[in-house]
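The structure appears below as C-alpha cells.
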Amino acid sequence: MDCIFCKIANGEIPSATLYEDEDFRIILDVNPASKGHALILPKKHASNLYELPDESASKVLILAKNMAEKMTEALNCDGLNLVQNNGEIAGQTVFHFHMHLIPRYEGDRVKVGWKPGKLSDKTKEELLSALKIGG
Ligand code: 5GP
Ligand code: ZN
C-alpha cells in the first residue's frame, strides 16, 4: 500500500520527530497551522478512527496529553486544539489516522470552528433514541 504516513511513521521517509515508541511517532506538520503544530501517527496503518484498534485509541489520548503539556511548557502557548478528521467531508486529506495538536496563541488567525446551530426538541428526541450507547 502506498501510504505516506505509513512510510513516515515507520521511518522509511525522514521526518521531524518529537517522539517515537513501538506503536507511534509524533512529527511536526510540514504545513503548520501554528508554531508547533504536530501530528500523532500510529505505526500500524488504520485509515481513520473507525479502523483504529481500541488499544491504540486508548494510548493516543495519553500521548496527546503528554505532548500538549510539553508544548505548553516549551512554547508558552495560550491554548491548544486537538483535531482529528475522518473522511474527506470532515477535512481529512491523508487517509492514515492522525491526531493534530495545534498550539494556540493570543491573536493567531487559526480557524477551527463552526457556526453554532440550534438543537430543536424534535431533533433532540430523535438523537436520544438513535444515539445512546452502552448501558
Ligand atoms: P488532515 O487534513 O488529513 O487531517 O491532515 C493532514 C495533515 O498532514 C496536514 O496538516 C498536512 O499539512 C500534513 N501533511 C501532509 N503530508 C505531510 C508530510 O509529508 N509530512 C508532514 N510532516 N506532514 C504532512
Ligand atoms: Zn498508512
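Note on K7 versus D2: salt bridge recorded, some NZ/NE/NH1/NH2 to OD/OE distance being below 4.0 Å. With respect to D23 and K59, a salt bridge is recorded, a charged nitrogen being found less than 4.0 Å from a carboxylate O.
Side-chain atoms of Q92 come within 3.5 Å of backbone N or O of G87 as a donor-acceptor pair. A donor-acceptor contact shorter than 3.5 Å links the side chain of S58 to the backbone of E55. Side-chain atoms of S34 come within 3.5 Å of backbone atoms of P103 as a donor-acceptor pair (strictly under, hydrogens ignored). In this structure a side-chain-to-backbone donor-acceptor pair under 3.5 Å is missing from D29 to A38. A donor-acceptor pair under 3.5 Å links the side-chain atoms of T72 to the main chain of A68, judged by distance alone. Put simply, the side chain of Y19 never gets that close to the backbone of I40: no donor and acceptor are under 3.5 Å apart. In this structure a side-chain-to-backbone donor-acceptor pair under 3.5 Å is missing from R104 to G79. Of the possible donor and acceptor atoms, one in the side chain of N48 sits under 3.5 Å from a partner among the backbone N and O of Y50.
Residue L75 holds its CG atom at 9.5 Å from CG of L80, rounded to the nearest 0.5 Å. The NZ atom of K65 sits 13.5 Å away from atom CG of L101, with the distance rounded to the nearest 0.5 Å. Taking CD of E73 as the start and CE of M71 as the end, the distance is 12.5 Å to the nearest 0.5 Å. Taking CG of N81 as the reference point, atom CD of Q84 lies at 14.0 Å (rounded to 0.5 Å). In this structure, the separation between CZ on F24 and CE on M67 is 14.5 Å, given to the nearest 0.5 Å. In this structure, the separation between CD on E106 and SG on C77 is 11.0 Å, given to the nearest 0.5 Å.
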* To do: Report the C-alpha separation of L39 and I8 in whole Å, then their side-chain angles, then the decisive distance to 0.1 Å, and conclude whether the side chain to side chain contact (heavy atoms under 4.5 Å, CB included) test is met.
  => CA-CA 11 Å; L39 303 170; I8 291 175; over 6 Å; no

* Could you go through the side chain to side chain contact (heavy atoms under 4.5 Å, CB included) check for V83 and V112 one step at a time? => CA-CA 8 Å; V83 176; V112 182; 4.0 Å; yes

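Hydrophobic cluster membership differs between V94 and M99, with clusters built from Ile, Leu, Val, Met, Phe, Trp and Tyr side chains linked at under 4.5 angstrom. Cluster membership check: L49 shares its hydrophobic cluster with I26, using side-chain heavy-atom separations under 4.5 Å among Ile, Leu, Val, Met, Phe, Trp and Tyr.
The shortest side-chain heavy-atom distance between I27 and L41 falls under the 4.5 Å cut-off. Residues F97 and S47 fail the side-chain proximity criterion, which asks for heavy atoms closer than 4.5 Å.
When all heavy atoms are compared, the tightest approach of K43 to D21 is NZ-O, 2.8 Å. Closest approach of I102 to A33, counting heavy atoms only: CG2-CB, 4.0 Å. Across all their heavy atoms, A64 and L82 have their closest contact at CB-CD2, 3.9 Å. The heavy-atom pair separating H96 from P42 by the smallest distance is NE2-O, 2.8 Å.
Heavy atoms of other residues, nucleotides or ligands lying less than 6.0 angstrom from CG of L119 number more than 12.
Ring centroid separation for the pair H98 and H100 comes in under the 6.0 Å cut-off.
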